[in-house]
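Since the structure comes first, as C-alpha cells, the remarks are kept for the end.
The first residue of the sequence shown is numbered 1, and numbering continues consecutively from there. Reckoned from all heavy atoms, side chains included, excluding hydrogens, waters and symmetry mates.
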Amino acid sequence: MRYYLRVFFSFYSKNKLIALLALVGLSLGLFGMFILSLKFINETSYNMDTLEGKQIYRVITTNPGGFKQPLAPFSFGEIVLSQSPYVSTYSRYIKLPGHIGRLYGISGIREIIEDEVYAADSSFVEMLNIKNLVASRALELKPGQLLLAKSNALKYFGSHDVVGERFIFKLKDKQHVFVVSGVYEDVAWNNTFRPGFICDLSFYIDVLIQEYGYSRDELLTSYTSDDVGYLIKRGGNTSESNFVWSFNQLTHNFYQEKRPTASVLLQRYEDIFHYSASIKNDFIEKGDVQNLKYYRISVLVLLLITAFNYILLQTNLTAKRHLEIGIRKVHGANQISLAKQFISEAFLLAFLTIPLIALYYLLYNTFLDGYLLPQVLVHQDKLWEYFLWLGILLFGIIAVSTVYLSVYVSALKPVAAIYGNQRQNPNRKIGLFAIVGMQFFVTLVLLTFALNIYRQLNYGFSLHSSEKSDNILLIYFDSNIDDSDYEALKTTLTSHSMVNSMTGGLVLPPSNASSWRDFIPDHDLNKSVVCEIYRVNDGFFETYGLSVDGEVLQYLGGLKRTHSVVINRKAVEAFGFANPLDEQIEGRRVAGVVEDFHFHSLHMGIMPIILYPNEQITRILAIRLNDKASSAASAVIREIISSVFPGRLFSLRTFNDEIRELYAREIALRNFIILFTVIMSIIALTGLTGITLHYLNLTRHSLSIKRVFGASSTTIVKDFSMHFVLMIFIAIAVSIPFSIELTSRFNAAFNYSVPFSYQLVAFVSAIMLSFIILICYQVLRKTLNNSPMKYLSGTR
C-alpha cells in the first residue's frame with residue numbers, strides 16, 4: 001500500500017491540471033448526487049412516521065359534477081364501523097380554518113394567525129402516532145383542551161413543558177380558552193397531516209352551532225352535508241381487496257338510499273402527497289409524488305455523466321504513464337496487480353474529493369439553502385439509506401473505471417510503451433470520442449429540456465406578471481362581512497389617493513380552494529362542460545388587471561349590474577362558442593370573455609371558469625394600489641380598515657407573497673432543474689477539457705510539422721477543434737428529437753404549454769460550440785507559444 005501511495009502522489013503531482021479536472025468532475029458529481037439523493041429520500045419519506053400507514057385510508061366523496069373533496073357527513077363513521085367487519089376504527093378530523101373563517105390565536109397581548117390547527121377525535125392522535133413529549137402517557141383530546149407542537153410551545157411560551165398553560169383562540173368577536181394538555185414533536189413538513197395545534201372536535205361543532213347558526217341535530221345526523229374528514233383503519237388480518245370490496249358495497253347501498261347522486265372513494269394514506277390527481281380504479285392516484293421520477297432519473301443520469309467524465313480523465317492520465325506501465329510489465333506485473341493500483345488510486349482520489357464536497361456544501365448552505373431545494377429535512381432513520389445509496393454509486397464509478405483501465409493497459413506492449421512507440425488504437429480513439437459525444441448528447445438533451453421547463457413555469461408565473469401583481473394587496477378577515485359592510489369599506493378605501501380599485505369574494509386568486517360542476521349551454525342542451533365557478537364582487541377585473549372582451553366593464557357595478565356571467569377563453573374553447581357574447585349558459589347571458597389566468601397552483605393548470613356576480617358574503621378583499629405594495633402602504637390600509645371595523649381581526653398579505661407560497665413546489669422544481677443542469681454542464685466541460693489534453697498529447701508532433709510549414713495559429717486551432725466541433729454538432733442534432741419528446745411529456749401536465757423553441761436550441765448550440773473552440777484554444781495556447789522544434793526534437 002505504501003508503494004501505491006508513493007506512485008499515486010508522484011504521478012499526480014506531475015500532472016496537476018488533469019488531476020484537478022478529475023477531482024472537480026468527480027467531486028461535483030458526488031455533490032450533485034448528495035443533494036439530489038437527499039431531496040429524493042426526503043420526498044419519499046412522507047407519512048413514514050405513521051406506523052400503520054398501510055392500513056389507513058382517507059375517505060373521498062364525489063358529486064355528479066366530478067367535484068372531489070375529503071369530507072363526509074358526521075354520522076358516516078358510525079355506519080361504516082357498525083356495518084363493516086373489516087374496519088377496526090375511524091377518526092374524524094377537520095383542518096381549521098375550514099369554512100369558518102380565519103382563526104386567530106391570542107398569546108399574552110399578542111394576536112397571531114394560525115392555519116395549522118386541527119379539530120379531531122382522540123383516535124386521530126393514536127392513528128397518526130403523535131406522541132407526548134412531556135409525559136409517558138398517550139396524548140388525549142378532551143373538550144377545552146389543546147395539544148401543541150413543540151415549535152409552537154417554544155414560540156408562544158418559551159418552553160415545551162407547558163402542560164396546564166392557557167391558550168386562547170379568537171373567532172369573530174368571541175374568545176375560546178383552551179388548557180394545554182400535551183406537547184408533541186413537530187411533524188415532518190412533507191407529511192400529509194401536519195398539525196401545529198390539535199383540539200377536540202367538539203370545538204368545531206360548537207363554533208358551527210354557536211357562531212354560524214348550524215342546527216345541532218341537522219349537523220350531527222344529516223346524511224347530505226359533508227362537514228368532516230375521515231381516516232378509516234383496516235383490520236390487521238384483513239386483505240385490502242376484501243376491505244375495499246366490503247367498503248364499496250356498504251357505501252354504495254348507503255348512498256343509493258340517502259344520496260343517490262353522490263359516490264365515495266378510498267385513498268391510501270401512503271399515497272396522499274400534497275395534491276391528488278386523477279381517479280383510477282378504486283383509488284385516487286398519487287399526484288405531485290409523480291414528480292419524484294425527475295429526481296430519481298436525475299440521480300442516475302448524473303451518475304452516468306460523472307462516470308463518463310471520470311473514465312475519460314483517467315484514460316488521459318493512463319496515456320501519460322505508458323513508460324511506467326511498460327517497465328512494470330517487463331518486471332512481471334500482471335493485469336491484476338495493475339488493477340489493484342488503479343482501484344487504490346481511485347479510492348484515494350475519491351478521498352481527496354471530501355474537502356471539495358465540503359466546500360461546495362458550505363457555499364450551497366450559505367448562498368442557496370432554502371432557495372434551490374427548500375424544506376429538506378431527512379428523517380434520521382432514512383440517513384442510512386442515503387449513505388448506502390451514495391456509497392453504491394461511488395463504488396460503481398470506481399469499479400467501472402477500473403475495469404475499463406485494466407482492459408486499456410492490457411493491450412499495451414511493454415517495449416513499445418517504454419520507447420514511446422505505442423501507437424494509438426483507432427478503435428480506442430473512436431471509442432473515446434463516442435463517450436464524449438454521448439456525454440454531451442445527454443447534457444444537451446437535459447439542458448434544452450431544463451430551459452424549456454424554465455420557460456414553461458415562467459409562462460405560468462407571467463400570467464400573474466409583476467406589472468399585475470406588484471400593486472395588489474390581499475386582506476383576509478376572520479369572518480364573513482355582509483354586503484353593507486363591504487360597500488362601506490369600499491367607499492372609504494377607494495376615496496383614499498393610494499387606492500386604485502377594490503374587489504372581494506368568498507375566494508379570490510391565488511388560492512387552492514375550488515368548486516366546479518357541469519354546465520349546459522342554452523344552444524346545445526346535449527353538451528355538458530365541467531367548469532370552475534366563482535362569485536366575485538365588482539372591480540374584480542380592474543383590480544387584477546385582467547383584460548375582458550365584452551360590455552361588462554362598461555357597467556358601474558360590473559357583473560352585479562349586468563346579471564350575467566363572464567367566462568374565460570378556456571371555457572369558450574370548451575363550449576365551442578364561435579361568438580360567445582351572443583350565447584347564454586343556463587339562462588344567463590355571457591357578458592364578457594376574460595383572458596386565461598391561473599387561479600390555482602400551476603400543478604392544476606387552467607380550467608374553464610365561469611364568474612358570477614357575488615350576491616352573498618365576502619371574506620377576502622383585493623386592493624390595487626397606485627404604487628407598489630409595501631409595508632408602509634400596508635400600515636396605512638390597516639389603519640383605514642381598523643377605523644371602519646374597530647376590533648375586527650384581519651391580516652394583510654401582498655399578492656406576490658401569496659403567489660410564491662402557492663407556487664412553492666413549482667419554483668422548487670424549476671430551481672432543482674437549474675442546479676442539476678449547471679452541475680452536469682460543468683462536469684461535461686471538464687471531461688471535454690481532459691479529452692482535448694489527451695488529444696493534444698497524441699497530435700503535438702503533427703501540429704508542430706504544420707507550424708514549421710507556416711500554418712497560422714488560427715488554422716491550427718481550426719484543424720485541432722474540427723473533430724470536437726463535429727462531434728458536438730452531431731450530439732446537438734441527435735439530442736433535438738429527444739429534447740422535444742421530454743419537453744412535450746412535461747408540458748402535458750399544463751393546459752397551456754409553451755411550444756418547443758428551436759431558437760433556444762440554436763442559442764444553446766452556439767454557446768456550446770463557442771465553449772468548445774475556447775477550450776481547444778486554451779489547451780493549445782502553450783503549444784502555440786513554444787517553439788515547434790521542442791516537440792519535433794523530442795525534448796518535451
For residues Asp538 and Thr503, is any side-chain donor paired with an opposing acceptor at under 3.5 Å?
-> no
Can you list the steps and then say if Ser501 with Thr543 is a side chain to side chain donor-acceptor pair (under 3.5 Å)?
-> CA-CA 5 Å; Ser501 57; Thr543 302; 3.3 Å; yes
Do Phe243 and Tyr57 make the cut of ring centroids closer than 6.0 angstrom?
-> yes
Given Asn500 and Asn471, is the side-chain contact (heavy atoms from CB on, under 4.5 Å) satisfied, shown in steps?
-> CA-CA 9 Å; Asn500 179 283; Asn471 295 11; over 6 Å; no
Evaluation steps, side chain to side chain donor-acceptor pair (under 3.5 Å), between Asp482 and Ser484 = CA-CA 6 Å; Asp482 58 28; Ser484 60; 3.0 Å; yes
Which heavy-atom pair separates Ala633 from Leu625 by the least distance, and what is that distance?
-> CB-CD1, 3.7 Å
Quick one: does Leu231's side chain get under 4.5 Å of Leu128's, heavy atoms only?
-> yes
Of all the heavy-atom pairs spanning Arg166 and Val177, show the shortest one and how long it is.
-> NH1-CG1, 3.6 Å
Crowding at CD, Glu165 (>12 non-hydrogen neighbours, <6.0 Å) | yes
Minimum heavy-atom distance between Ser181 and Leu147, given as atom pair plus value = OG-CD2, 3.2 Å
Side-chain heavy atoms of Leu148 within contact of Phe157, under 4.5 Å | yes
Run the ring-centre check on Phe178 versus Phe169 and record whether the distance is less than 6.0 Å.
-> yes
What distance separates Tyr534 OH from Leu611 CG, expressed to the nearest 0.5 Å?
-> 9.0 Å
Do Tyr476 and Glu658 have side-chain N/O donor and acceptor atoms under 3.5 Å apart?
-> yes
Can you tell me how far NZ of Lys150 sits from NZ of Lys155, rounded to the nearest 0.5 angstrom?
-> 16.0 Å
Is there side-chain contact between Phe247 and Val59, with heavy atoms separated by less than 4.5 Å?
-> yes
CE/Met127 to OH/Tyr269 distance, rounded to the nearest 0.5 angstrom?
-> 10.0 Å
Give the ring-plane orientation class for Phe193 versus Tyr118, where under 30° counts as parallel, over 60° as perpendicular and anything between as tilted.
-> perpendicular
Charged N to carboxylate O under 4.0 angstrom, Lys54 versus Glu240?
-> no
Atom pair OG1 (Thr492) and CD1 (Ile640), whose distance is rounded to the nearest 0.5 Å = 8.0 Å
Which pair of non-hydrogen atoms, one from Ile620 and one from Val507, has the smallest distance, and what is that distance?
-> CD1-CA, 4.1 Å
Would you indicate whether the side-chain heavy atoms of Leu489 and Phe645 approach each other to under 4.5 Å?
-> yes
Evaluation steps, side-chain contact (heavy atoms from CB on, under 4.5 Å), between Met498 and Asn626 | CA-CA 6 Å; Met498 175 184 297; Asn626 290 316; 5.5 Å; no
CG/Leu154 to CG/Asp161 distance, rounded to the nearest 0.5 angstrom?
-> 11.0 Å
Could you give me the CA-CA distance, side-chain angles and deciding distance for Leu508 and Val536, then say whether side-chain contact (heavy atoms from CB on, under 4.5 Å) is met?
-> CA-CA 8 Å; Leu508 293 179; Val536 296; 4.3 Å; yes
Taking atom types as modelled, find out whether Asp200 and Ser202 have a side-chain donor-acceptor pair closer than 3.5 angstrom.
-> yes
Parallel, tilted or perpendicular: rings of Phe477 and Phe650 (30°, 60°) = tilted
Which atom names give the shortest non-hydrogen contact between Ala629 and Leu473, and what distance separates them?
-> CB-CD1, 4.3 Å
Could you tell me whether Glu52 and Lys233 make a salt bridge, using a distance below 4.0 angstrom between a side-chain N and a carboxylate O?
-> yes
Verify the distance criterion only: is there a donor paired with an acceptor across the side chains of Ser75 and Tyr223 at less than 3.5 Å?
-> no
Enumerate the residue pairs fulfilling salt bridge (charged side-chain N to carboxylate O under 4.0 Å, His left out) with a member in residues 70-88, sequence neighbours excluded, ordered by first and then second residue.
-> Glu78-Arg92
Have Asp186 and Ser151 got a donor and an acceptor in their side chains that come within less than 3.5 Å?
-> yes
Starting from the C-alpha separation in whole Å, work towards a yes-or-no answer on side-chain contact (heavy atoms from CB on, under 4.5 Å) for Arg619 and Ile481.
-> CA-CA 6 Å; Arg619 185 185 302 152; Ile481 59 175; over 6 Å; no
Value for CD1 (Ile130) from CD (Glu185), rounded to nearest 0.5 Å, stands at 11.5 Å
Is it possible for you to check whether Arg535 lies under 6.0 Å from the centre of the six-membered ring of Tyr612, through NZ or CZ, and within 45° of that ring's axis?
-> yes
Looking only at side chains, do Thr654 and Asn656 share a donor and an acceptor under 3.5 Å apart?
-> no
Could you tell me whether Asp627 atom CG has more than 12 heavy atoms of other residues or ligands within 6.0 Å of it?
-> no
Aromatic ring centroids of Tyr544 and Phe655 under 6.0 Å?
-> yes
Less than 4.5 Å apart, any side-chain heavy atom of Leu139 and any of Tyr184?
-> yes
Heavy atoms, side chains only, cut-off 4.5 Å: are Leu652 and Leu474 in contact?
-> no
Please tell me if the side chains of Tyr156 and Val162 come closer than 4.5 Å, counting only heavy atoms from C-beta onward.
-> no
Centroid separation Phe167 to Phe197 less than 6.0 Å = yes
Ion pair present between Asp226 and Arg259, side-chain N to carboxylate O less than 4.0 angstrom?
-> yes
Should Arg624 and Val499 count as side-chain neighbours, where that means a heavy-atom distance under 4.5 Å?
-> no
Could you tell me whether Asn237 atom CG has more than 12 heavy atoms of other residues or ligands within 6.0 Å of it?
-> no
Between Gly505 and Asn614 the two heavy atoms that sit nearest each other are CA-ND2, 3.9 Å
Would you please indicate if the ring centroids of Phe76 and Tyr90 are separated by under 6.0 Å?
-> no
